[in-house]
Structures are given as structure tokens and as C-alpha cells.
Amino acid sequence: MTAGRGRDAVLTVDNLSVDALTPEGARRVIDGISFALAPGETLCLAGESGSGKSVTALSIMRLLPRASLRIAGGDIRLERQSLPRLPERAMRDVRGGEIAMIFQEPMTSLNPVHSIGAQLTEAIRIHQGAEGSSVEQRARDMLDVVHISDPARRMKQYPHELSGGMRQRVMIAMALSCRPKVLLADEPTTALDVTVQAQILKLMRELKREFGTAIILITHDMGVVAEMADRVAVMRDGRIVEAGPVLDIFERPQADYTRELLAAVPRLGAFAGTDAPPRVTATPRPPTPNGEAPVLSVKNLVVDYGASSNLFRRRASEAPAVQDVSFEIRPGRTLGLVGESGSGKSTTGKAVLGLVPFTGSVIIGGTSIHRLSASAMRPVRRAAQMIFQDPYASLDPRMTVGAAIAEPLVIHGIGTKDERRERVASLLARVGLEADHAFRYPHEFSGGQRQRICIARALALEPKLIVADESVAALDVSVRARVLDLMLELQETLGLAYLFISHDMAVVERMSHDVAVMRGGRIVEAGSRRAVLSSPREDYTRELIAAVPIPDPRVATLT
Amino acid sequence: DTPTNGGDIIVTYKDDIATLDPAIGYDWQNWSMINALFSRLVDYKPGTTELGPSLADSYDVSDDGKVYTFKLHPGVKFTNGRAVTAADVKWSIERAVNPKTQGPGAGFFHSIVGADKMTAGTADTMEGITAIDDHTVKFTLSQPDATFLNVLALNFASVVPKEAVEAAGGDFGKHPVGSGAFTLKEWTIGQRLVFVKNPDYFIKDRPHVDSFTIEVGQEPLVALLRLQKGEVDIAGDGIPPAKYLEMKKSPEFEGMIVDRQQLETSYVTLNTQVKPFDNAKVRQAVNMAINKDRIVRIINGRATPASQVLPPLMPGYDQNYKGYAYDPEKAKALLAEAGLKDGFSTQIYTSNTDPQPRITQAIQQDLAAIGVKAEIKAVANPNVIAAGGTQGQAPMVWSGGLGWIADFPDPSDFYGPILGCGSAVAGGWNWSWYCNKDIDARAQAADAMPVPAKAEERNKAWAQIFTDIQTNDAPWIPVFNERRVVAKSKRMGGPDEIYIDPTRVIDYEAIYVNK
Amino acid sequence: MRVLRELIRRPSALFGLIVVVLVLLAAIFAPWIAHFSPDDQLADGLSLEGAPLPPGGGHLFGTDTLGRDLFARVLFGARTSLIIGLVANGVAVAIGLLVGLLAGYLRGAAGNLLMRFTDLMMAFPALLLAIALAALLKPSLWIVAMVIALVNWVQVARIVYTETRGLVERDFIVAERSLGAGNGRIILLHILPHLMPTAIVWGTLGIATTVLLEATLSFLGIGVQPPQPSWGNIIFESQSYFQDAPWLVFIPGAIILATALSFNLIGDALRDILDPTQRGRL
Amino acid sequence: MAFFLARRLVQAVLILLGVAAITFLLLYFLPADPAVLIAGRSATPQMVAAIRHELGLDQPLVMQFLRYVGNLLHGDLGRSYTQKTEVLPLILARLPATLVLMAAGIVVEVALGLTFGIIAAVRRGGFIDRSVMMLSFVGVSSPQFVVALLLLYVFAATLGWFPMSGFGTARHVVLPALTLGVLGAGWYARMVRSAMIEVLRQDYVRTAHAKGLSGRRVVLGHALPNALLPIIAMVGIDIGQFMSGVVVVEAVYGWPGIGQLAWQAIQQVDVPIIMGVTLVSALAIVLGNLLADFVAPFVDPRIRSQ
Ligand SMILES: Nc1ncnc2c1ncn2[C@@H]1O[C@H](COP(=O)(O)OP(=O)(O)OP(=O)(O)O)[C@@H](O)[C@H]1O
Ligand SMILES: Nc1ncnc2c1ncn2[C@@H]1O[C@H](COP(=O)(O)OP(=O)(O)OP(=O)(O)O)[C@@H](O)[C@H]1O
Ligand SMILES: [Mg+2]
Ligand SMILES: [Mg+2]
């Protein structure tokens with residue numbers, strides 16, 4: 001602990017412990033953590049999923065779910081005030097007034113039925129006791145501060161009418177509207193595009209300068225940490241394993257875990273100048289057979305969601321979600337598809353697998369899938385599989401993991417029951433899970449494990465092509481690194497082709513042979529990884545690259 | 001005590017009042033209201049079955065009993081101010097018979113010359129009715145009809161003003177105009193009807209109350225509660241079974257319950273055209289199987305066990321005829337004689353309103369005791385009527401809830417429509433489908449006997465007819481004669497018989513409020 | 001077996017289980033338990049004036065207005081009412097599930113048609129349907145059950161429809177499709193299980209209402225025909241006696257309530273136990 | 001929006017026609033013969049036939065139906081067999097009372113359902129929750145007639161707080177509405193509870209807490225509006241139910257509503273009234289659903305922009 005724990009700290013966490021109440025008894029999820037936050041300082045809480053970052057933040061706000069989590073010991077002080085001992089009424093004044101919090105999910109953290117204006121002014125009214133037009137004015141000013149255009153109009157709009165980035169700005173405006181001393185930001189940009197993330201991070205720094213707010217920023221992106229932090233606390237298993245100024249942590253990490261964490265961070269440009277993804281194993285990969293026929297060939301693909309019409313409604317959509325997209329992928333190669341949110345990446349991926357209606361041609365392993373009947377489509381499905389962005393959502397919560405992995409085998413009538421059981425066990429082993437995991441349900445796994453389960457399911461049919469749609473976005477760095485490694489290894493040993501969809505340039509760089517950049521439903525630039533990332537032709541591609549935070553505190557990209 | 005004049009009273013009913021058109025209204029709720037709104041040539045003395053003059057001061061019957069001539073009371077006016085004439089009488093009765101009117105009373109006038117053509121829709125007037133002058137009207141009958149005066153006392157024979165009927169455009173039943181004791185002042189559908197005294201009523205000192213208000217949509221249990229609190233003067237639906245015993249016993253209700261016999265018999269019809277009821281032995285057997293005392297107990301003694309078709313108050317009732325005594329053993333023996341030693345299965349139709357299904361269940365149990373398995377069909381009244389009137393459909397029908405209450409106090413009313421050959425037709429009400437040509441002839445003869453000259457002889461003849469029907473053919477099981485029960489507030493005066501009038505249900509003309 | 005053990009571990013579910021088992025036993029063994037026949041209008045079952053006898057003495061629950069032993073009637077009525085409450089209501093929920101699910105899952109013309117049909121049925125007064133069917137069919141316990149099912153499925157269909165629409169959009173359904181799973185498999189294995197909570201709520205709350213609905217129908221002549229007892233018609237027949245012979249209303253009423261409640265307690269517990277996402281969670 | 005409404009209106013008309021056709025067909029098969037009932041017991045078969053002809057009942061079913069629909073288009077619902085008068089005025093006369101009771105009943109139902117449902121959801125698993133759920137069962141399994149009479153005995157006959165019967169003043173509507181509300185609230189409480197439990201675990205509820213709002217304000221201001229959609233749908237359904245199905249309560253409280261009319265008509269197999277009431281209640285159900293669809297965008301702005 002370097003920074004002052006003394007009198008000038010605005011927030012002090014002292015030996016805090018939190019218990020989770022389970023039927024088997026209490027389980028410690030936060031185990032005696034301490035830190036202090038000086039005014040105007042940014043403290044980043046980093047660490048893998050489940051290490052207790054969010055619980056720490058919620059403890060400070062006293063918003064732990066009453067039925068399941070309880071502060072078991074220690075103290076949290078806002079200046080002199082001990083928060084755990086504050087009566088609920090007084091605590092309400094602290095919340096939003098002195099300590100504000102923004103959450104990971106801008107999409108769901110705003111109330112869908114209230115206007116932006118109503119939600120903004122509410123906090124101001126409560127904490128400042130102000131009324132009438134002055135409150136409105138104040139709210140508009142705050143929208144201005146967070147760079148939202150046309151604040152007067154925005155006040156009347158509803159959350160669903162705003163983009164994700166705008167919503168997160170509204171959240172920040174809301175959090176800052178009462179000039180809190182401390183801002184808790186729990187993964188405020190994880191759900192956003194790189195470009196939008198860059199804007200939001202920039203905004204937070206401006207605001208910190210302007211209002212002198214102390215910030216606790218929770219993130220698992222070491223790039224963000226490097227970009228933002230004054231000090232860093234690395235958490236693991238409910239403990240702080242290492243804390244210190246950001247430079248110390250990045251340059252002289254003490255704990256093994258910190259080192260691991262840093263090593264796992266993909267850095268854009270790390271592989272500049274090479275054509276293939278880096279080898280994970282020592283075994284020489286078979287030379288990529290360039291002459292082979294493509295596994296996937298897409299020509300003039302168009303997907304227009306609005307075009308479906310019925311008797312009563314015929315509406316030509318202004319712009320199709322995907323327009324005139326063409327590319328091909330050969331066995332054993334990866335095409336990285338990048339682009340901002342809404343550019344049509346997922347739609348392209350779904351169209352390739354025939355999951356949305358399209359026009360144009362998609363040929364998988366020699367079969368054109370356009371207008372194929374369900375039964376004719378079935379053999380094609382064996383050759384092409386998909387891994388979804390959110391592993392949890394794409395697993396049926398009521399099905400055991402073993403059954404989920406065996407599902408494609410059952411559907412395609414492969415093997416006997418015993419054979420399938422063996423197959424599941426070997427697939428689990430292959431993705432680094434244990435055989436007895438087969439009897440558990442998805443919610444009993446961590447995010448990384450779930451993603452591996454999805455991969456195992458996709459592999460069950462021994463496909464030639466896998467469409468991976470943002471399949472590591474939800475994972476924290478260390479888990480992400482493991483999953484990426486696994487995917488590369490599988491490509492090497494099985495000769496898989498990937499259509500790898502991501503908005504994270506660094507990850508795309510790490511995984512791809514070729515890269516295509518999408519914008520507004522079209523591919524604006526495509527070529528070998530080296531060509532696109534090292535010497536982009538399009539401004540848009542350059543913007544994307546520039547927006548990627550660099551995990552090095554000495555390089556301040558976003559000032 | 002002499003009646004006092006004045007006062008406004010409130011009467012409640014559960015169901016809506018259907019119509020106040022005298023040519024159409026035919027249920028026991030609107031019967032008394034129509035009676036109070038209109039007047040007829042002849043009418044019964046309040047509380048009795050005795051006929052007397054009304055619109056007609058006097059009448060004259062020809063010797064062959066076929067021509068009736070009536071002299072109208074002078075100066076009688078409809079409540080719209082116009083004088084009542086003989087032409088009105090003619091027009092009103094023709095209207096009741098005309099099929100376009102769709103009235104249920106047309107059949108009563110069958111003996112007037114021309115009635116058949118009118119009902120068939122082939123004539124617009126009836127030559128059997130002539131208005132000789134403004135004050136004299138003459139009826140010519142195709143055959144002598146001992147009940148003709150009774151028919152003219154029915155509501156269907158009420159005199160209505162043509163212009164008002166036409167002005168109402170098919171809705172005369174909602175905008176009635178007559179020359180009766182009351183006029184309809186207000187009708188709020190689903191809520192209330194207000195009747196006020198007709199100041200120009202041609203009978204002196206009538207009616208006594210200034211107005212009576214009918215409130216509809218009132219649950220009988222609630223009506224009693226309101227009666228107790230003095231909010232209501234007459235609970236028209238009477239006392240529901242659930243409350244009867246308690247009220248009978250409670251001193252609080254002393255003098256508030258009117259409980260009287262009426263011209264009613266509740267019975268089970270035995271379909272003489274359906275096996276095995278086509279065998280008279282079987283019909284006699286089931287007659288012996290029914291424990292009528294117990295059934296009467298189930299309805300808390302609100303009836304008297306019946307031995308025959310006619311109710312005790314009806315002329316022609318045979319005091320000496322005891323009917324079939326309850327004797328399951330003998331019943332079984334009779335069944336065995338009929339070749340049904342092991343009994344048989346059958347059905348019994350019943351109305352679905354309490355207490356009818358309960359009574360049917362008691363009958364069912366009695367039948368079971370002699371080996372007859374009867375399946376109960378509890379359905380809405382019109383469906384019971386439909387089943388009874390369809391040939392070969394309903395082996396047994398329990399008449400309760402649709403029971404035969406006499407239209408007028410004459411035994412013939414209990415024969416023609418429900419036991420005569422003419423009504424054993426599809427859509428008819430002779431649900432026994434009983435047709436005995438011999439008896440039919442005797443009935444015709446009895447009806448042709450002139451009254452009052454041969455009244456006594458005629459009654460004897462009828463008594464014998466009904467006794468013979470029951471002893472030989474037993475097409476019915478007469479179960480009980482139900483008494484009517486009405487609850488009234490303590491301030492209501494007058495003898496019981498004007499609250500349960502044998503022909504009017506409630507006599508609104510005669511009731512009064514004690515001062 | 002595991003399910004049963006878990007059920008027994010929860011006090012409320014255990015209570016429910018006991019009541020349901022008792023009711024089932026009562027229904028099955030009614031002829032052996034009851035001292036009287038349910039249809040027997042006993043000679044001494046009414047007071048001299050014809051009033052029913054209160055509980056106590058020779059009659060545990062008293063007698064009804066025809067002098068029958070109420071205990072026997074309630075026991076035998078359990079058979080009727082369980083069939084109505086479980087079978088009729090169950091079929092209604094099943095039809096509602098099927099129609100709502102198909103309408104929500106099959107988009108396009110077929111789904112639209114199904115939903116419009118549901119709208120039509122919804123706009124149709126239930127009672128009328130029952131009366132018409134009464135006239136057309138010969139009333140029997142099973143016909144009654146069928147009529148109730150026909151009348152009650154519509155609202156279930158509505159709710160299921162909305163829920164299915166939400167489920168179909170979920171990623172794991174899309175994932176199933178990408179694996180090549182057919183519609184049947186998706187519906188049966190992946191959508192249906194998620195609709196179970198709704199089915200359980202309607203299935204249990206509906207028990208009480210259908211048992212009472214049967215009584216209304218029997219009043220119209222389409223219910224079970226007298227003298228066959230059902231809990232509903234015992235109440236309905238004598239509801240106006242609720243002051244003078246309260247046992248006739250409140251005893252069967254309490255039994256309906258306890259039965260419906262018990263099924264609900266079991267249903268709630270089952271939902272928790274069978275839903276794997278609840279396991280190990282707080 | 002206008003287009004959407006137009007489409008729904010076309011649908012509504014089709015649904016009503018469908019209901020009319022089915023009802024007509026079903027009633028056609030009823031055994032009761034209106035001509036026999038009208039002609040009375042002294043009638044001869046010829047008289048019955050004449051009346052059947054007058055009513056047009058001797059024509060083939062299709063002709064009868066076409067004539068009915070034709071009249072319908074002129075706003076003519078036909079004449080009642082038993083009341084011998086136009087059906088439309090009979091229904092219209094009872095409409096105000098029905099609407100008043102419907103409004104009041106739904107208000108009570110929703111108010112009770114919301115209150116108890118919210119409390120149960122907030123106190124999930126606790127004693128209050130269990131009691132509320134238990135009460136909801138008592139509500140749905142109570143016979144209406146008995147509850148109605150009990151309330152009447154206690155609050156009108158004994159305490160005299162409310163009139164025993166009738167229609168007119170606000171005091172008249174209290175007991176009937178209360179009866180309906182108490183019995184119907186069980187369903188609402190259950191629905192509200194499960195919807196609220198779902199909403200209370202949403203992120204924006206946490207946001208509202210983080211702003212420092214009081215618990216009450218979070219629940220009522222932020223959670224509740226999001227749980228209202230299913231409730232609105234249910235009110236839409238209820239409107240139809242109330243239109244045809246509150247016979248018992250109307251009877252006990254002497255309430256001049258459509259339910260009593262319908263019940264009498266059913267008991268007397270008065271086909272024109274049954275048809276009329278069916279159509280009116282179908283119309284109410286359709287309108288109720290339409291209303292729910294119409295109100296929904298005001299509650300949930302997301303629907304507004306669709
Ligand atoms: N409501 C809860 N009940 C019980 N345990 C909980 C609850 N919420 C979190 N936990 C446990 O507390 C620990 C810390 O969780 P927390 O959400 O703080 O992790 P995190 O560091 O924020 O992870 P992530 O990066 O995935 O958001 C985990 O082991 C988790 O299982
Ligand atoms: N089911 C759908 N119906 C209608 N429009 C859709 C649908 N799915 C996507 N769209 C629209 O199609 C466009 C492309 O969406 P898509 O999901 O392919 O974007 P994306 O590039 O994957 O974005 P993200 O990075 O946010 O996942 C967007 O404008 C989106 O609003
Ligand atoms: Mg977290
Ligand atoms: Mg996407």
C-alpha cells in the first residue's frame with residue numbers, strides 16, 4: 001500500500017470480508033481486503049472472473065443482495081463515516097449523492113419505461129432538493145458534459161432509442177450529476193465497441209480532471225487498466241494479491257498471478273509482420289494447403305431483415321443488414337471479421353449457416369445452401385458449426401452439459417448411447433474439462449468453462465468450418481487466452497477453418513490468417529492479416545486500430 | 001276491518017318482467033300486473049273463484065248455450081281518455097287470436113266461430129264476434145262451452161285501445177294502455193316498474209294503494225332481508241327452501257307469511273307411448289312406488305301429497321278417491337306381473353332450478369327401491385318442454401317448476417291441454433302422450449253441459465273422468481299439491497287470499513296498507 | 001426417487017403431499033371408508049320438518065338436504081372432483097400449451113392462423129359453449145371434463161404464446177437450430193421444459209376454479225348428473241343454506257381449498273426441484 | 001399506429017362474424033323450440049306452425065343466418081322470444097350498470113392484486129408472501145354466492161353501512177365491486193408477484209437503488225411500471241369476462257347488469273337475447289384486447305416505436 005491511507009483518503013476499505021450464504025453454510029467470497037482511495041485518484045480493480053471485484057463495489061454501496069451475501073467483517077469509511085453502520089436513511093443520501101456507481105450493462109441498467117430526462121433529474125431532485133427548471137437545466141448540462149448532442153431532445157427520449165455508447169454516457173451523466181466524491185465503475189465499457197470504449201474512457205478522464213472525482217474502475221482489460229489507472233489492485237479469490245502504482249504493476253509485477261495476467265494480454269501489433277497465427281505447440285503445423293478448394297465460399301451475400309412482408313405490411317427496409325458481401329475460406333485457415341457494432345458481422349455469420357434468410361450464394365464444402373430444405377441442410381450442418389458470443393445464453397439451462405454436447409450426435413443419429421458417452425468424455429478432455437463435468441448444468445461452470453463446452457459441442461460433429469461469433473468477448477483475459485490457444489490447437493490438429501468474428505482488433509490479429517473489415521453491411525477492406533493491420537488502406541480501419549487500448553501505461557493513446 | 005286508502009308499496013321479483021301485453025303475457029309474475037292494468041268483460045271477485053260483472057254490466061246466454069251478448073258499463077275510459085267501445089272488445093280478442101301477435105292464449109278462444117280460420121292465418125277478423133252497437137257485443141260459439149265465461153275473464157281477453165297498440169309499434173308490452181285499476185308510470189329495464197292508481201277507474205273505491213313499485217333482479221334471500229328491515233312490502237318470489245323453516249318458527253315473522261293452497265298439482269308424466277310405460281301395470285306400479293310423504297318432507301311440508309290429477313280446491317275434486325297408496329312391495333309384484341321382475345332402466349327429465357333436482361332425486365331413490373333405474377336429466381325449462389313434447393323422447397317428466405297451475409277454476413283446464421288427444425302431438429303439453437278416445441268423448445260431453453244450470457252434474461262427470469283416467473290408465477304420478485308462500489311486511493293489510501289469489505296470484509286492486 | 005426425497009424434505013411440500021395422498025386414498029377407498037352409500041337418502045337423515053342434520057352423532061359431516069350422509073358424499077365426490085380438477089384442468093393446460101406453443105413457435109401463416117383461432121375462441125362466452133355442448137352431447141363425467149377443458153384452454157394458450165415468442169428469440173434455440181435439430185426436438189426438449197412453471201401455476205390455481213365450474217355446469221344440466229356427488233355440486237346445491245346448514249358449504253369448500261393449495265405447494269416445490277438452474281443457487 | 005389500428009379493427013370484425021356464426025349454429029341445435037314456447041300450452045300444432053313461420057324458423061339454417069347478419073348490419077339484433085321486445089334496447093338499458101360494475105370490480109381487483117402481489121414479491125419467501133399466496137387460493141376457491149351473501153349480511157344487513165340492493169349511487173357499487181374484487185384479486189396477486197420478482201432482479205432496479213432512492217420509490221416508480229404489461233393484458237381479458245359473467249353477484253345485489261339478462265335468457269333459451277349478449281360480450285372482449293394493445297405503448301415506450 002503506497003498511497004495515503006491517512007486522513008486525506010476519501011474512501012477507505014479496511015479488512016473487508018463478505019460471506020455468501022449457502023445451504024451448506026457461509027462461504028467467504030471477500031477475504032479481508034483493504035485499500036484506500038485518495039481524492040481525484042483512479043484505482044483499477046483487476047482480476048479474473050469471480051475474484052470478487054463486483055462484490056467489493058456492491059459492498060461499498062451496500063447493495064449486496066440481502067438474501068445471499070453479507071458483510072462479515074471489516075469496515076468501509078467514506079471520509080470519517082463508517083458505511084456499514086450507517087442507518088438506511090442516511091445511506092440513501094450517500095448513494096448517488098456521495099458515491100455513485102455505473103454498471104457493466106448500459107443496455108439493461110437504464111429503466112426502459114422512463115425517459116432519459118426523468119431518470120436524470122430524479123437523482124438531482126433527491127439529493128439536492130432542487131425543483132423545477134433548474135433541475136432540468138442541470139440535467140441538460142450534464143448531458144452536454146458527457147458529449148451527448150442535442151440534450152434537450154435526448155431528455156425526452158427513452159433508453160431504447162439510444163445506442164449503447166450513448167446509454168453508457170447517460171449512465172455516467174446520471175452518476176456524476178450530484179458531483180459524487182467517489183465513482184464506482186464496474187466494467188463500464190466491456191459491452192461496447194472499441195471505438196465507443198475509447199470515447200467513454202476519454203470522457204471519464206476528462207470528468208475526473210474537471211470534478212476531481214475519485215474513481216474505482218473495475219475491468220479485466222489490462223489495456224484499459226494501463227490507459228486509466230493511477231493505482232492498481234489485482235484481485236484473486238477474494239483477496240488482493242498485489243496493489244501499487246500502475247507503472248510498478250506493469251513493469252515490476254511481484255505476484256505470480258499478476259505476471260500471468262499480463263502475459264496473457266494480447267497486444268495489437270505483437271505479431272505484426274507474420275502471416276499465420278503464432279504456434280502454440282512445438283509440433284510443426286502442416287503447410288497450409290493453398291491449392292485446396294475453399295470450405296466456404298460466399299458470393300454477393302445480401303440479408304434484408306425488413307424485406308419479409310406479409311399481407312398487411314410491406315415495407316422496404318432502408319438498408320439491408322448485409323449487402324453484397326463476398327469472401328472465401330480455405331481449410332485450416334481463419335478469416336477474421338471486424339467492424340463496429342451493427343455493421344452486420346453476426347448477420348453474415350448466421351447467413352453462412354443458413355440461420356437467416358438471404359440472397360446470393362453460400363457454398364459450404366461444395367453444397368450451395370440457398371433455399372435448402374431442412375433435411376437437405378442436415379448433412380451440411382455436420383460440416384459447419386457455430387460458437388456463439390454468449391456461451392451461457394447458447395446452452396439450454398435445463399440440460400446437462402453432457403447432454404448438450406451429445407445433442408448434435410443424437411440429432412444426426414451418430415453412434416450408440418455408449419459410444420456417445422465415450423465421445424462426450426473425449427471431447428470434454430479435449431477442451432480441458434473433466435469427464436464428470438458432463439453431469440453438471442451450465443450455471444455450475446465459469447464463463448471460460450462454458451465457452452469450452454460450446455466449443456466441445458461444435459466439435460462433436462467434426463466440422464470443417466466453425467463460425468465463432470464474438471466467442472471470447474465475454475471472457476476475462478486469462479481465460480480468453482486459454483480458449484484462444486485451444487482454438488488454435490484444434491485448428492492445427494484438425495485442420496479446421498474459422499470465420500472469426502470480433503470487434504477486438506488484438507484478438508483478431510492473434511487468430512487470423514486473413515482479415516475483413518465490415519462497416520454498414522459491406523466489407524470495406526479485406527486481405528491478409530499483414531496487409532490489413534500493418535498498412536490499412538481505409539481510414540476506418542485505421543480508426544479501429546487506433547482505438548484499441550494499449551496495455552502499457554507509458555503509452556497514453558487516449559489523452 | 002275495512003281497507004284504508006293510500007300508500008305506496010314495493011314488491012320484489014328475481015326475474016325480469018317479460019311483457020305487459022295482455023295478449024302475450026303468460027307467466028305468474030306479469031299475470032297479476034296485467035290483470036291490474038286492464039279490464040275484461042267479466043272478472044272474479046277478489047280472492048275467490050266466483051265470476052262477476054266487470055266491464056260488462058250484464059250478459060245474456062242463448063238457450064243452446066252458443067250465443068253470449070254483453071252490455072258494456074257506460075262511461076268507461078281507457079287511460080288515454082278515449083271511451084271503451086264494443087268494437088274495442090272485438091278487436092282485442094281478435095288480436096289475441098291472430099298468429100301475428102304470437103300470443104300464447106289463442107287456443108282458449110277456439111270455440112268462437114271463425115277462430116280456426118284466424119289461427120290458421122287465413123282470416124283477419126272473426127265473424128263470431130260482433131259489435132252490435134257501441135255498448136253491445138255478441139259472441140257466437142261453434143259449440144256450447146261451459147268455460148266460456150272463464151275464458152273471457154282471462155288476461156288474454158283484456159280490452160286494449162287499438163290506436164295505442166299501433167302507436168307502440170310492436171312494443172305495446174312495454175307501453176301498455178288499458179282501462180284497469182292502475183297505469184304504468186315508469187319502466188326502467190332491469191330495475192323497476194312503477195304502477196300508479198288510475199283515478200278514473202270505473203269500479204268505485206278501487207284500488208286502495210296509490211302506487212306499487214316492482215323491483216326486479218332481487219335474489220329471494222336478499223328480498224327477505226330487506227323485508228325484515230322494512231324496505232320491501234311483498235317478496236314476490238316467496239320464501240326459498242333454505243329460509244322457510246327458520247322463518248316459520250321465528251316469532252319475528254309472525255303475521256308476515258302467507259301460505260295458501262292454489263290450483264296446482266305437481267306430477268310425473270309417464271309416457272304411454274314409450275316402453276315399458278305403454279303397459280298400464282307398469283304405470284300403476286311406479287305410482288305405488290313413490291313415497292310422497294317423504295318428498296313433502298324434503299320441501300319442508302310446503303305441499304300436501306296428491307292422490308289425483310285435480311287439486312283439492314278445484315271443482316270436481318274427488319274427496320273419496322285415495323289414489324295409489326305407497327306400497328313398494330305391491331309395486332314390485334305388479335312389475336313382475338308385467339314381466340319386469342328385474343326392473344328396467346329409464347330417464348326422468350326435470351327443471352334444473354332448486355328444489356326440482358332434489359325432488360327428482362327422491363323419486364329416483366323410490367324407483368330404485370323397486371328395481372327401476374331412472375337417470376336424471378336436469379335441464380333448463382324450455383328443454384324440458386321440448387323433450388316432453390317430442391314423441392318418444394322423455395319416458396318420465398317431473399312437472400315441478402313448470403307445474404300445471406290452472407288458468408281458470410274449471411276441471412276442463414286440467415284435461416284438454418295436458419291429457420286430451422288433441423294435445424298428444426309434437427310440441428303439445430300432453431307429455432304422457434295419453435290419448436283415450438273414449439275419455440275424450442266423455443270430456444267433450446261434459447264441456448257441452450251448460451252452466452250454471454248443470455254445474456253440479458258437470459262437476460260429477462269430470463270427477464268420474466279423472467278418477468277413471470287414474471285408476472285404469474294411470475298416465476301420471478300425482479305427487480303433491482304445492483302451496484304458495486308469500487312474505488309480506490306487517491303493514492300490509494287484507495285477508496290472505498288476496499295475496500295468493502286463486503286466479504290473479506296477487507290482487508293489486510284489493511291489497512291495502514294498514515294505517 | 002431423488003425428487004421424492006427432496007419433496008419430503010420441504011415442510012410445505014410434505015404437507016401438500018400428505019393432503020393429496022389422503023384425498024387420493026379417500027377417492028380410491030371411498031366405498032370402504034364410508035359407512036353410508038353417498039346416494040342413500042336415509043330415513044332418519046332429515047329432521048321431522050325436513051331440515052338436514054348437523055355434524056356429529058351418526059354423521060361425521062352431518063347430512064344434506066335430502067338426508068344423505070355428507071361424509072360419504074364428500075368421499076365419493078372426491079372421485080368426480082379429482083377427475084375434473086386434474087384431468088379436465090390438465091387437458092386444458094395441455095391444449096393451451098400445445099396451441100400457444102405452436103402459435104408462438106411456428107411463425108408465418110400457420111402460427112397466425114392458430115392465434116386468430118385462439119382470439120376467436122377467446123371472444124366466445126364460455127358458458128354458451130358449455131350449454132350448446134350440453135344439448136348436443138349426453139352429459140357424463142367425461143363429457144363434462146371435456147367441456148371444461150375446451151372452455152379453459154384459451155387463456156393458457158395466450159400466456160404460453162407470449163412466453164414462447166420470448167423463448168424462440170433466445171440464443172440457445174438458435175444454437176439448436178444451427179446444430180440441425182428439427183422443430184419437434186426443439187419444441188419438446190428445449191421449449192416445453194421452460195414453460196413448465198407457467199403450466200404449474202395454471203395447473204394448480206385452475207384446480208379450484210374448475211371444480212367450481214363443474215358445479216355451475218351441473219346446474220345447467222351438463223354437469224355430472226344427480227345423484228352423483230362432486231365437491232362443486234355439493235356446494236352449489238346447498239349454497240343458499242350457508243346460514244342454516246353451514247356445514248354443507250364450508251366443509252366441501254375447505255376441502256377444495258386444501259386440495260388445490262396442496263397441489264400448488266407440491267407444484268411450487270417440484271418446479272424448484274426440477275429446475276436445475278435453481279440447484280446450488282440461493 | 002393508424003394502420004395498426006385499422007388492421008386490428010378488420011380482425012375484430014372478422015372475429016365477431018365468426019362468433020356470430022358459431023353461436024348461431026350451436027343455438028340451432030338446441031332442442032327447445034321457441035315457437036312451442038310462444039304458442040303456449042293451449043295451442044294447436046297449426047298455431048305453432050303459424051308462429052314458426054312468423055319467426056322465419058321454417059327457413060333453412062343458412063337463410064336464417066344470412067337474414068340475421070343482414071339485420072345485424074342495420075343494428076337490429078332481433079326480438080326477444082320471451083320479453084317480446086327489441087333485444088338491443090334491453091342490452092343497452094343494462095349496459096351502464098354493467099360498465100360501472102366492471103370498472104369498479106376491475107379497480108378493486110387490480111388494486112388488491114397489485115398491493116398484495118407487490119408486497120409478496122418484495123418479501124418473497126417470507127411469512128407475508130406465504131400468507132398472501134394462501135389468501136389468493138382462498139379467493140379463487142370461494143363460491144361467489146356465499147361470499148356475496150356474507151358481505152351483504154355483514155356490511156349491509158347488520159352494520160347498515162351500505163344499501164342492500166340496487167343501483168344508482170356510489171354506495172351501491174361498493175359491495176358488489178368488493179365481492180368481485182376480492183375473488184378476482186387472487187389471480188392478479190399471483191401474476192403481479194411473479195412479474196415483479198422477475199423485474200426486481202433487473203439491472204435498472206439496482207441502478208435505481210444506487211441513485212439513493214427509497215425502497216418504496218424503487219419498487220413503485222421503477223419496478224412496477226415494468227411489470228404492468230401482463231396485468232394490462234389480463235385486464236383486457238377481464239373486460240370480456242365481466243361483460244357476460246357476473247351473474248351471481250348481480251343477482252345477490254340486485255344489480256341491473258347484463259349478466260342477469262344473459263342468465264335469464266339462457267334459462268329460457270331466448271335465442272335472440274343469447275345471440276345479442278354473446279355478440280356484445282365478444283365485442284367487449286375484442287375491444288378489451290384492443291384497449292390493452294392501445295394502452296400498452298403508454299406503459300412501455302419500447303412498444304411505441306415498433
Ligand atoms: N448473489 C451471490 N450469491 C452468492 N455468491 C455470489 C453472489 N454474487 C457473487 N457471488 C460470488 O462471489 C464471488 C465474487 O463474485 P464477483 O461478482 O464479485 O466477481 P467479479 O470479480 O466481479 O467477476 P466478473 O469479472 O465475472 O464480473 C464469486 O465467487 C461469486 O460466485
Ligand atoms: N433479427 C433481426 N431483425 C431485424 N434487424 C436485425 C436483426 N438482427 C440484426 N438486425 C440488424 O441488422 C444489422 C446488423 O446486425 P448484426 O447483429 O449483424 O451486427 P454486428 O455487426 O454483429 O454487431 P455487434 O457487434 O453489435 O454484434 C443491425 O442494424 C441490426 O439492427
Ligand atoms: Mg463483476
Ligand atoms: Mg454481433
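Proteins get letters first, then strands, A, B, ... in listed order; numbering begins at 1 in each.
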Engaged part of D:Val286 at the chain C interface, taking heavy atoms whose separation is under 4.5 Å = side chain
Enclosure of D:Phe24 CZ (heavy-atom neighbours >12, cutoff 6.0 Å) = yes
Looking only at heavy atoms, which two atoms of D:Val140 and C:Thr209 are closest? And how far apart?
-> O-CG2, 3.8 Å
Toward chain C, the part of D:Ile274 with a non-hydrogen atom under 4.5 Å | side chain
Which portion of C:Ser12 sits near chain D, non-hydrogen atoms under 4.5 angstrom = neither
In this structure, CZ of D:Phe137 is separated from CZ of C:Phe263 (nearest 0.5 Å) by 11.0 Å
Counting only heavy atoms closer than 4.5 Å, note whether C:Leu212 contacts chain D via side chain, backbone, both or neither.
-> side chain
Say you draw a straight line from OG of D:Ser136 to CG of C:Asn264; how long is it, rounded to the nearest 0.5 Å?
-> 7.5 Å
Is it the backbone or the side chain of D:Arg190 that comes under 4.5 Å from a heavy atom of chain C, or both, or neither?
-> side chain
Residues of residues 14-23 of chain D within contact distance of chain C, non-hydrogen under 4.5 Å | D:Ile15, D:Gly18, D:Val19, D:Ile22, D:Thr23
Report the distance from atom CZ of C:Phe242 to atom CZ of D:Phe145, rounding to the nearest 0.5 Å.
-> 7.5 Å
Checking heavy atoms, do the side chain of D:Tyr28, its backbone, both or neither come under 4.5 Å from chain C?
-> neither
Closest approach of C:Ile235 to D:Pro143 (non-hydrogen atoms, all atoms of both residues) = CG2-CG, 3.7 Å
Would you give the length of the straight line joining atom CE of D:Met133 to atom CG of C:Leu261, rounded to the nearest 0.5 angstrom?
-> 11.0 Å
Chain D contact via C:Trp231 - which portion, at a heavy-atom distance below 4.5 Å = neither
Is it the backbone or the side chain of C:Phe250 that comes under 4.5 Å from a heavy atom of chain D, or both, or neither?
-> side chain
Heavy-atom contact with chain C under 4.5 Å, split by part of D:Leu150 | both
